[in-house]
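For ligands, and for the atoms within them, numbers begin at 1 and follow the listed sequence. Since we're looking at a predicted model, the values are computed, not measured. Values below: every heavy atom of this structure, side chains too, minus hydrogens, waters and symmetry copies.
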Amino acid sequence: MDFDRIAVVTGGSRGIGKAVARELVECGYQVILIARSMKNLEAAKEEFMRAYSLSGKNSPELLALDLLDEKKVTEAAEHIVSKYGRVDLLFNGAGISIPGTLEQDVETFDTLFAVNLRAPFLLMKAIIPLMVKQGGGRIINMASRNGKVAVSKLGGYSASKFGLMGLDESLYREFSSQGISITTVCPGWVNTDMAAGEGGSMPPEKMIQPEDIAKTVRWLLSMTPSVRVMDVLLECAGDVEKRASVELAKLYELRSRHREEFDSIIVDGSK
Ligand SMILES: NC(=O)c1ccc[n+]([C@@H]2O[C@H](COP(=O)([O-])OP(=O)(O)OC[C@H]3O[C@@H](n4cnc5c(N)ncnc54)[C@H](OP(=O)(O)O)[C@@H]3O)[C@@H](O)[C@H]2O)c1
């Protein structure tokens, strides 16, 4: 394999980021993987090298750093820009989820924002100008269904993901004319360590699989340059069905309490 396209993948050591990085290697990208644990990064690299018979030149570059650290993030971005001179794809996959809203202390709230929102901001700030110079590029950021619909007791996480959606939408509009395509991916539960920590009652096999996100990325990459996809919402079938039956039960309950008004609406609606 000889790679001429460069992809930066944060969170590339585990979960969604690793599945996406693997897909990108298969699509012919040279990947630069970012996460804190060098041990997990090395395991991912080893797996890709074996699966795709990669040679030294095309092997993934590993950058072990904490995205909480503004200086380290900026230095890593500068290193990538100067070493490779181009970035075709930036996948901001790293993220953390900490439950709570007003129960959270300010430090926790700030940590969520630093990893989930400030780090993608810093990487885009460094890499978008390079993409403009090279005539185009693609950015795919992991938000969440919680970035579109907030649930109770997850306000800090939701706020960081709503923030990322807003940042992405603004940049999507600003840079489209310069050949830059920005897509935000918003899944429900995905079967990873993160979901195992707080997946509630949903069994892992009923969740979205990391490979489903990797296939979403491959689908995005297959589009012609004339297409822009602002965001993609992926829901767990079980969640959709549960919500539908709750909504239906509420509707029946309401109907039994306000029979006459309900029936008059239905009669009026059928005219
Ligand atoms: N799983 C879900 O149900 C779900 C649903 C919707 C959206 N998402 C979003 O999808 C993205 C990926 O989630 P996931 O489920 O794959 O999570 P995961 O399995 O917990 O993996 C998180 C990845 O991010 C890296 N990471 C975490 N904190 C970091 C930090 N401070 N600095 C550098 N790297 C860091 C981790 O590596 P290290 O620990 O080695 O640093 C790991 O590679 C996140 O943005 C998440 O919010 C997940």
Side-chain angles (χ1 to χ4, degrees), residues 8-23 31-45 47 60 62-77 90-99 108 110-123 140-151 154 156-165 167-168 183-200 202-214 216-217 231-236 238-239:
V8 178
V9 181
T10 74
S13 61
R14 292 189 279 127
I16 295 169
K18 182 176 158 195
V20 168
R22 195 185 163 109
E23 192 80 22
V31 293
I32 298 147
L33 308 179
I34 298 177
R36 285 166 302 186
S37 160
M38 185 49 100
K39 189 165 158 263
N40 289 341
L41 284 168
E42 275 167 352
K45 175 175 170 176
E47 188 184 311
L62 309 180
L63 299 177
L65 62 106
D66 191 338
L67 292 168
L68 260 178
D69 187 332
E70 181 187 341
K71 192 162 163 275
K72 291 242 167 71
V73 179
T74 307
E75 280 169 6
L90 168 62
F91 181 81
N92 279 302
I96 51 168
S97 171
I98 306 171
T108 306
D110 285 347
T111 300
L112 277 164
F113 268 69
V115 178
N116 294 351
L117 181 55
R118 189 181 65 187
F121 164 77
L122 291 170
L123 289 169
I140 302 174
N141 289 337
M142 284 307 301
S144 168
R145 184 178 186 278
N146 289 113
K148 279 180 169 286
V149 186
V151 294
L154 206 59
Y157 178 74
S158 273
S160 70
K161 295 298 187 181
F162 268 75
L164 184 61
M165 300 282 303
L167 175 66
D168 285 357
T183 303
T184 320
V185 181
C186 310
W189 292 113
V190 186
N191 180 17
T192 66
D193 295 345
M194 181 184 280
E198 33 176 304
M202 182 170 293
E205 68 278 9
K206 296 274 183 195
M207 294 181 186
I208 298 162
Q209 301 303 311
E211 293 71 28
D212 292 317
I213 310 292
T216 304
V217 169
D231 58 55
V232 182
L233 172 66
L234 297 102
E235 297 194 290
C236 299
D239 267 346

Undergrad: Atom 46 (C) of ligand 1: which of M207, K18, M38, M194 has the nearest heavy atom?
TA: M194
Undergrad: Report, in ascending order of atom number, the atoms of ligand 1 lying under 4.0 Å from any heavy atom of V115.
TA: 31 (N)
Undergrad: Looking at every non-hydrogen atom in both residues, tell me the closest pair between A76 and L65 and how far apart they are.
TA: CB-CD2, 3.6 Å
Undergrad: Looking only at protein heavy atoms, which one is nearest to atom 44 (C) of ligand 1, and what is the separation?
TA: G93 O, 3.3 Å
Undergrad: Enter the distance from L63:CG to E75:CD here, rounded to the nearest 0.5 Å.
TA: 11.5 Å
Undergrad: For ligand 1, which is the ligand I care about here, please tell me if R36 has any N or O atom under 3.5 Å from one of the ligand's N or O atoms.
TA: yes
Undergrad: For atom 18 (P) of ligand 1, what is the closest protein heavy atom, and at what distance to 0.1 Å?
TA: R14 NH1, 3.7 Å
Undergrad: First locate atom CG of D239, then atom CE of M202, and finally report the distance between them rounded to the nearest 0.5 Å.
TA: 4.0 Å
Undergrad: If you look at every heavy atom in A19 and E211, which pair is closest and at what distance?
TA: CB-N, 4.3 Å
Undergrad: I'd like to know whether ligand 1 has L65 as a neighbour, heavy-atom separation below 4.0 Å.
TA: yes
Undergrad: If I apply the N/O under 3.5 Å rule, does S13 come out as touching ligand 1?
TA: yes
Undergrad: Distance from I96 atom CD1 to N116 atom CG, nearest 0.5 Å?
TA: 5.5 Å
Undergrad: Please round to the nearest 0.5 Å and tell me the distance separating atom CZ of R14 and atom CE of M194.
TA: 8.5 Å
Undergrad: Need the ligand 1 atom indices (1-based, order shown) with element for anything under 4.0 Å from a heavy-atom of G15.
TA: 16 (O), 19 (O)
Undergrad: Apply the test salt bridge (Lys or Arg N to Asp or Glu O under 4.0 Å) to residues K148 and D231: give CA-CA distance (whole Å), side-chain angles for both, the deciding distance (0.1 Å), then the verdict.
TA: CA-CA 10 Å; K148 279 180 169 286; D231 58 55; 3.4 Å; yes
Undergrad: Would you say V190 and ligand 1 have an N/O pair spaced under 3.5 Å apart?
TA: yes
Undergrad: Which atoms from ligand 1 have a heavy atom of W189 less than 4.0 Å away?
TA: 3 (O)
Undergrad: Name the closest protein heavy atom to atom 6 (C) of ligand 1, giving the residue it belongs to and the distance to 0.1 Å.
TA: P187 O, 3.2 Å
Undergrad: Calculate, to the nearest 0.5 Å, the distance between atoms OG1 and CD1 belonging to T192 and I208 respectively.
TA: 10.5 Å
Undergrad: Taking only heavy atoms of D193 into account, list the atoms of ligand 1 that are under 4.0 Å away from them.
TA: 19 (O)
Undergrad: Nearest 0.5 angstrom please: S13 OG to I34 CD1, how far?
TA: 11.0 Å
Undergrad: If every non-hydrogen atom of A119 is compared with every non-hydrogen atom of V73, which pair is closest and at what distance?
TA: O-CG1, 4.3 Å
Undergrad: State the atoms of ligand 1, each with its element, that fall below the 4.0 Å cut-off from a heavy-atom position in K161.
TA: 44 (C), 45 (O), 46 (C), 47 (O)
Undergrad: Could you check whether any side-chain heavy atom of M142 comes within less than 4.5 Å of a side-chain heavy atom of N92, counting everything from C-beta outward?
TA: no
Undergrad: For atom 26 (N) of ligand 1, what's the nearest protein heavy-atom neighbour? Residue, atom name and distance, please.
TA: A94 CB, 3.9 Å
Undergrad: Give me the nearest non-hydrogen protein atom to atom 40 (O) of ligand 1 as residue plus atom name, then the distance to 0.1 Å.
TA: S37 N, 2.9 Å
Undergrad: Identify, for atom 16 (O) of ligand 1, the protein heavy atom at the shortest distance, and state residue, atom and that distance.
TA: I16 N, 2.9 Å
Undergrad: Would you mind checking which non-hydrogen protein atom is closest to atom 23 (C) of ligand 1, with the distance to 0.1 Å?
TA: G11 CA, 3.7 Å
Undergrad: Could you tell me whether F113 atom CZ has more than 12 heavy atoms of other residues or ligands within 6.0 Å of it?
TA: yes
Undergrad: In terms of atom number and element, which parts of ligand 1 are under 4.0 angstrom from non-hydrogen atoms of G188?
TA: 3 (O), 5 (C), 6 (C)
Undergrad: For ligand 1, which atoms have a heavy atom of D66 less than 4.0 angstrom away?
TA: 30 (C), 31 (N), 32 (N)
Undergrad: Is there side-chain contact between L122 and E70, with at least one heavy-atom pair below 4.5 Å?
TA: yes
Undergrad: Which of the numbered atoms in ligand 1 are under 4.0 angstrom from any heavy atom belonging to T192?
TA: 1 (N), 14 (P), 15 (O), 16 (O), 19 (O)
Undergrad: For atom 32 (N) of ligand 1, what is the closest protein heavy atom, and at what distance to 0.1 Å?
TA: L67 N, 2.8 Å
Undergrad: Heavy-atom contact under 4.0 Å between A143 and ligand 1?
TA: yes
